[in-house]
Amino acid sequence: MEYSPGAEAAAPDEIGARRSARLRELGHIDDEACRRFTGAIEFAGRKWNAAILLAGVRGARRFSEYRDTVHGISDRVLAARLRELEADGLIERHVRPTTPVTIQYTPSTRALQLMELLQPLVEWQRADAGASVGISDKMGT
């Protein structure tokens, strides 16, 4: 049984039954899958990762373009994050032997997939922003 956004028009008991059924379905996630999910969420939510990937999706290629697009990031942190994202297969580093050497960074196919997967979360947050209490208030942050 799936929960649908329009279900609020149903009787409160019916809504509660639908939510309970959906929660039981979600409860069947095994521990290993939960650890992988947690790791993926922590990686995607790590400070600067999403902003750097979004900058790449929007066309940044050179280090200076990433720095100009990702406001507030230091050169040291940007360089470290680009190395980490490259090691994780989300950023591809291209070196051209020109004088001086030209280095470009592009999002990989995996990065594009990740950004597509994060889009529903962005939409959920946008819809939640219209509520009377923001997500940070709900979470106590």
Side-chain angles (χ1 to χ4, degrees), residues 1-98 100-141:
M1 183 178 292
E2 249 184 70
Y3 172 76
S4 62
E8 281 75 17
D13 291 344
E14 185 180 338
I15 294 169
R18 287 182 187 173
R19 287 182 180 158
S20 293
R22 184 66 179 138
L23 289 173
R24 279 193 300 279
E25 287 176 24
L26 294 173
H28 292 290
I29 298 172
D30 63 51
D31 289 343
E32 181 58 32
C34 185
R35 281 189 287 279
R36 287 191 310 267
F37 171 79
T38 300
I41 289 296
E42 288 172 356
F43 173 82
R46 186 169 184 202
K47 190 168 184 177
W48 305 116
N49 280 358
I52 292 167
L53 292 175
L54 184 59
V57 168
R58 290 181 172 168
R61 296 294 175 258
R62 304 288 309 271
F63 185 91
S64 60
E65 294 170 340
Y66 279 93
R67 184 186 54 225
D68 294 344
T69 304
V70 181
H71 301 286
I73 194 168
S74 70
D75 287 356
R76 182 184 61 80
V77 172
L78 177 57
R81 288 293 190 275
L82 286 169
R83 280 192 301 273
E84 292 166 6
L85 291 167
E86 180 186 8
D88 288 329
L90 294 167
I91 289 284
E92 296 171 353
R93 184 174 183 258
H94 309 278
V95 180
R96 290 189 343 195
T98 58
V101 172
T102 303
I103 301 173
Q104 292 188 327
Y105 302 91
T106 57
S108 68
T109 301
R110 287 186 65 226
L112 297 175
Q113 290 171 336
L114 176 59
M115 296 306 286
E116 288 174 3
L117 291 170
L118 290 175
Q119 186 59 37
L121 184 60
V122 171
E123 291 169 8
W124 172 81
Q125 194 284 326
R126 185 178 296 134
D128 189 62
S132 61
V133 178
I135 189 73
S136 60
D137 294 336
K138 291 177 187 174
M139 299 184 76
T141 56

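All residue numbers refer to positions in the sequence shown, counting from 1. Keep in mind that the numbers below use all heavy atoms, side chains included, and drop hydrogens, waters and symmetry copies.
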Novice: Step by step, would you call Leu118 with Leu53 a side-chain contact (heavy atoms from CB on, under 4.5 Å)?
Specialist: CA-CA 11 Å; Leu118 290 175; Leu53 292 175; over 6 Å; no

Novice: Thinking salt bridges, do Arg18 and Glu14 make one under a 4.0 Å N-O criterion?
Specialist: yes

Novice: How close do Arg67 and Leu78 get, heavy atom to heavy atom, and via which atoms?
Specialist: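 Residues Arg67 and Leu78, closest heavy atoms: N-CD2, 3.6 Å.
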
Novice: Using modelled atom types and a 3.5 Å cut-off, is there a donor and acceptor pairing between side-chain atoms of Arg61 and backbone atoms of Gly56?
Specialist: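 At least one qualifying donor-acceptor pair exists.
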
Novice: Going by an N to O cut-off under 4.0 Å, is there a salt bridge joining Glu123 and Arg126?
Specialist: no

Novice: Does the side-chain contact (heavy atoms from CB on, under 4.5 Å) test come out yes or no for Thr106 and His94, once each step is laid out?
Specialist: CA-CA 8 Å; Thr106 57; His94 309 278; 2.9 Å; yes

Novice: Please find the pair of heavy atoms, one from Val57 and one from Met115, that lie closest to each other, and give the distance.
Specialist: CG2-CG, 4.0 Å

Novice: Could you walk me through whether Phe43 and Leu85 pass the side-chain contact (heavy atoms from CB on, under 4.5 Å) test, one step at a time?
Specialist: CA-CA 10 Å; Phe43 173 82; Leu85 291 167; 3.5 Å; yes

Novice: Please give me the minimum heavy-atom distance between Asp75 and Phe63, naming the atom from each residue.
Specialist: O-CZ, 3.5 Å

Novice: Distance from Leu121 atom CG to Gln125 atom CD, nearest 0.5 Å?
Specialist: 8.0 Å

Novice: Checking side-chain contact (heavy atoms from CB on, under 4.5 Å) for the pair Thr102/Arg62: CA distance, chi angles, key distance, verdict?
Specialist: CA-CA 8 Å; Thr102 303; Arg62 304 288 309 271; 4.0 Å; yes

Novice: Where is the tightest heavy-atom contact between Tyr66 and Pro107, given as atom of each residue plus distance?
Specialist: OH-CD, 4.3 Å

Novice: Do you know which two heavy atoms are closest between Arg81 and Arg46, and how far apart they sit?
Specialist: NH1-NH2, 3.3 Å

Novice: For the atom pair CD1 (Ile52) and CG (Leu90), what is the distance rounded to the nearest 0.5 Å?
Specialist: 11.0 Å

Novice: Using atom types as modelled and distance alone, determine if a side-chain donor or acceptor of Arg110 lies under 3.5 Å from a backbone N or O of Asp88.
Specialist: yes

Novice: Which atom pair, heavy atoms only, marks the closest approach of Ala51 to Val70?
Specialist: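 Nearest heavy atoms, Ala51 then Val70: O-CG2, 3.7 Å.
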
Novice: Around atom CZ of Arg76, are there more than 12 heavy atoms of other residues, nucleotides or ligands at under 6.0 Å?
Specialist: no

Novice: What's the spacing between Asp68 CG and Ile73 CD1 if we round to 0.5 Å?
Specialist: 12.0 Å

Novice: Between Glu86 and Arg83, does at least one N-O distance fall below 4.0 Å, as a salt bridge requires?
Specialist: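 Between Arg83 and Glu86 there is no salt bridge, as every charged N stays at least 4.0 Å from the carboxylate O atoms.
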
